[in-house]
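I'd like to ask some things about the structure below.
Quick caveat: nothing in here was measured; it's all calculated off a predicted structure. Just the heavy atoms: all of them, side chains too, but no hydrogens, waters or symmetry mates, feed the values below.
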Protein chains: 2
Amino acid sequence: MPLEPKTPAPTVAVEDYAKAIYALSHDGRDAVATTALAERLDVTPASASAMVKRLDEMGLARHAPYHGVELTDRGLQLALEVIRHHRLLELYLAESLGVPWDRVHDEAEVLEHVLSEELEELIAVKLGDPERDPHGDPIPSRDLEIVELPTDTLASLEPGARGRFVRISDSDPHMLRYLAERGIAPGADFEIVDKQPFGGPSFARFGDAVHVLGGELASRMRVEVER
Amino acid sequence: MPLEPKTPAPTVAVEDYAKAIYALSHDGRDAVATTALAERLDVTPASASAMVKRLDEMGLARHAPYHGVELTDRGLQLALEVIRHHRLLELYLAESLGVPWDRVHDEAEVLEHVLSEELEELIAVKLGDPERDPHGDPIPSRDLEIVELPTDTLASLEPGARGRFVRISDSDPHMLRYLAERGIAPGADFEIVDKQPFGGPSFARFGDAVHVLGGELASRMRVEVER
DNA sequence: GTTCAAAGTTAGGCATGCCATAATTTCGGC
DNA sequence: GCCGAAATTATGGCATGCCTAACTTTGAAC
């Protein structure tokens with residue numbers, strides 16, 4: 001029996017690079033600058049350059065020197081697989097184990113790289129093949145399809161606007177805790193009551209209470225606007 | 001603020017060595033031979049020797065050259081912590097996610113090294129601070145106490161003996177699957193019906209059915225004998 | 001006590017993986 | 001065509017953990 005040219009299992013670093021490229025390519029497929037990648041992963045551009053070269057050799061990315069990286073189909077698959085792991089884990093940890101909303105990200109960040117396909121499947125089934133994680137991020141389906149809905153930021157809305165808060169980046173625990181403490185979670189409907197200009201806070205009514213949402217926070221909160 | 005002389009997090013290999021030393025020292029504290037360690041971990045004696053030296057330098061073991069290794073208190077703690085992770089995970093995977101009995105070991109083997117203390121705690125609480133894993137192995141308590149009950153092997157019993165099957169090593173999936181298929185699990189009461197000499201099979205009645213248990217299997221099944 | 005095999009150790013290397021600094025090249029707008 | 005920014009290469013370091021080969025120690029047999 002001839003030995004297959006077995007692909008070695010991707011390392012954690014490789015998976016992180018694939019995820020980062022995916023995220024920076026606007027969840028799609030345009031080219032990503034080495035420097036942007038380096039910054040996001042907190043390494044020097046030289047290191048990122050070297051890794052990108054490796055991803056290319058591994059067939060996970062196409063690297064046009066001086067012109068950025070793109071994921072290949074296989075690279076995209078890898079990225080989506082890891083993201084599926086991450087988001088399923090986030091939801092699972094929150095729902096089944098009661099890990100606080102603002103803590104699930106860090107746990108998932110580690111576990112995503114070691115989750116077996118078998119466990120992934122059991123978790124997905126147990127959760128009923130969910131489509132979004134606790135932060136409102138879409139979970140790639142079993143066959144790695146993902147639907148990224150275009151959204152607005154809450155900060156962009158003027159007083160009188162109504163909508164639904166649908167999503168927020170999972171990477172800033174402080175913002176998450178702040179929102180969690182106030183009972184604001186993806187899925188909540190709101191109405192903009194007031195807004196200060198120049199990056200100032202928005203005042204939004206969620207249920208009965210009006211909350212003050214600082215400019216930075218408001219610009220991270222993704223919303224669907226009621227038309 | 002002066003920097004603490006922070007101990008670097010133990011690597012997976014270090015944790016595995018600590019576990020192996022613990023297991024080979026008869027769940028206790030006598031010295032373990034380098035070669036035995038090497039064999040169990042499937043490395044050469046030279047490699048084991050080098051690693052043992054490192055454990056010593058890390059303060060996890062005491063290595064008396066040519067006279068074996070023992071775990072220090074810290075090493076023992078580390079081993080028990082990892083074992084607690086492993087066994088809690090085994091039970092959790094089996095109970096909460098429905099991972100088959102004969103598969104939980106391999107999954108736990110990976111996850112034990114990355115489980116955070118927070119998750120460990122949530123799992124322990126969710127399971128109600130269990131004392132045994134699905135194979136009947138005792139789970140170290142929160143403060144890392146562990147009670148290893150002395151047991152006999154089923155193979156050592158003569159016809160007429162009655163007892164309870166309490167434990168079997170988790171590391172051989174084939175045996176586990178064999179038992180699982182026959183509905184034999186730790187906790188089951190049995191009676192020895194017949195036994196062939198010279199490592200031959202034992203015939204044991206579990207419930208209504210009499211099962212044939214080959215010599216090797218029977219000698220791995222730990223039992224409490226009814227007095 | 002000497003001897004000798006087994007057990008154990010050291011010496012020296014190798015492979016992987018990932019990062020860094022420094023020096024150089026390329027790009028693209030002006 | 002020049003120039004600064006972006007990116008790349010060239011080199012090297014460090015951690016891990018394994019191996020083989022050669023040596024040392026131990027302890028039991030005699």
| request: May I ask you to evaluate whether A:His67 reaches the phosphate of D:dA6, defined as a side-chain N or O under 4.0 Å from OP1 or OP2? | output: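 It does not, given that no N or O in the side chain of A:His67 lies less than 4.0 Å from OP1 or OP2 of D:dA6.
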
| query | For A:His113, what residues pass the ring-ring contact (aromatic ring centres under 6.0 Å, His included) criterion, not counting sequence neighbours? | reply |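 Scan of A:His113 (ring-ring contact (aromatic ring centres under 6.0 Å, His included), adjacent residues dropped) gives none.
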
| request: Answer yes or no: is there an ion pair linking B:Glu109 with B:Lys19, defined by an N-O contact shorter than 4.0 Å? | output: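 Salt bridge between B:Glu109 and B:Lys19, a charged N being under 4.0 Å from a carboxylate O: yes.
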
| field | Whole-Å gap separating P (C:dT9) and CE (B:Met51) | value |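 It is 14 Å, rounded to the nearest whole Å.
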
| message | I'd like to compare against my own output: the B/S/- annotation of nucleotides 10-16 of chain C with a strict under-4.0 Å heavy-atom distance to protein. | response | B------

| message | Between C1' on C:dC19 and CG on A:Leu37, what's the gap in Å once rounded to a whole number? | response |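 These atoms are roughly 14 Å apart.
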
| said: What's B:Thr44 touching, base or sugar-phosphate or nothing? Going by heavy atoms closer than 4.0 Å. | reply: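 Here B:Thr44 touches the bases of the nucleic acid.
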
| request: Identify whether the distance between the nearest side-chain nitrogen and carboxylate oxygen of B:Glu131 and B:Arg87 falls below 4.0 Å. | output: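 Here B:Glu131 does not pair with B:Arg87 in a salt bridge, since their nearest N and O are not under 4.0 Å apart.
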
| request: Please report, rounded to the nearest Å, how far the C1' atom of C:dA6 is from the CD atom of B:Glu39. | output: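 To the nearest whole Å, that distance equals 14 Å.
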
| query | Would you call B:Arg142 and B:Asp129 a salt bridge, using N to O less than 4.0 angstrom? | reply |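 Salt bridge flag = yes for B:Asp129 with B:Arg142.
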
| request: Please step through side-chain hydrogen bond (donor to acceptor under 3.5 Å, both in side chains) for the pair B:Ser25 and B:Glu70, ending with a clear verdict. | output: CA-CA 8 Å; B:Ser25 66; B:Glu70 283 179 81; over 6 Å; no

| said: Taking any heavy-atom pair under 4.0 Å as a contact, classify B:Ala33: base, sugar-phosphate, or nothing. | reply: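 Sugar-phosphate contact only.
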
| Between C:dG29 atom P and A:Tyr66 atom OH, what is the distance in whole Å? |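 In whole Å, C:dG29 P lies 17 Å from A:Tyr66 OH.
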
| task | Rounded off to whole Å, could you give me the CG-to-C1' distance for the A:Leu24 and D:dA6 pair? | result |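 One finds 16 Å between C1' of D:dA6 and CG of A:Leu24, rounded.
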
| task | Taking only Lys NZ, Arg NE, NH1 and NH2, and the carboxylate oxygens of Asp or Glu, determine whether A:Arg167 and A:Asp137 approach each other closer than 4.0 Å. | result |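 Result for this pair is yes, salt bridge flagged.
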
| field | Value in whole Å for how far the P atom of C:dG17 lies from CE of A:Met58 | value |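 Interatomic distance, CE of A:Met58 to P of C:dG17: 8 Å.
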
| query | Looking at A:Tyr17, does any N or O in its side chain come under 4.0 Å of the phosphate oxygens OP1/OP2 on C:dC19? | reply |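 Yes, such a contact exists.
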
For residues 36-55 of chain A, dump all side-chain donor-acceptor pairs below 3.5 Å to protein atoms at least two apart in sequence or in another chain.
residue	atom	partner	partner atom	Å
A:Thr44	OG1	A:Ser47	N	3.3
A:Thr44	OG1	A:Ser47	OG	3.0

| query | What's the NE2-P distance between B:His113 and D:dG17, to the nearest Å? | reply |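 In whole Å, D:dG17 P lies 11 Å from B:His113 NE2.
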
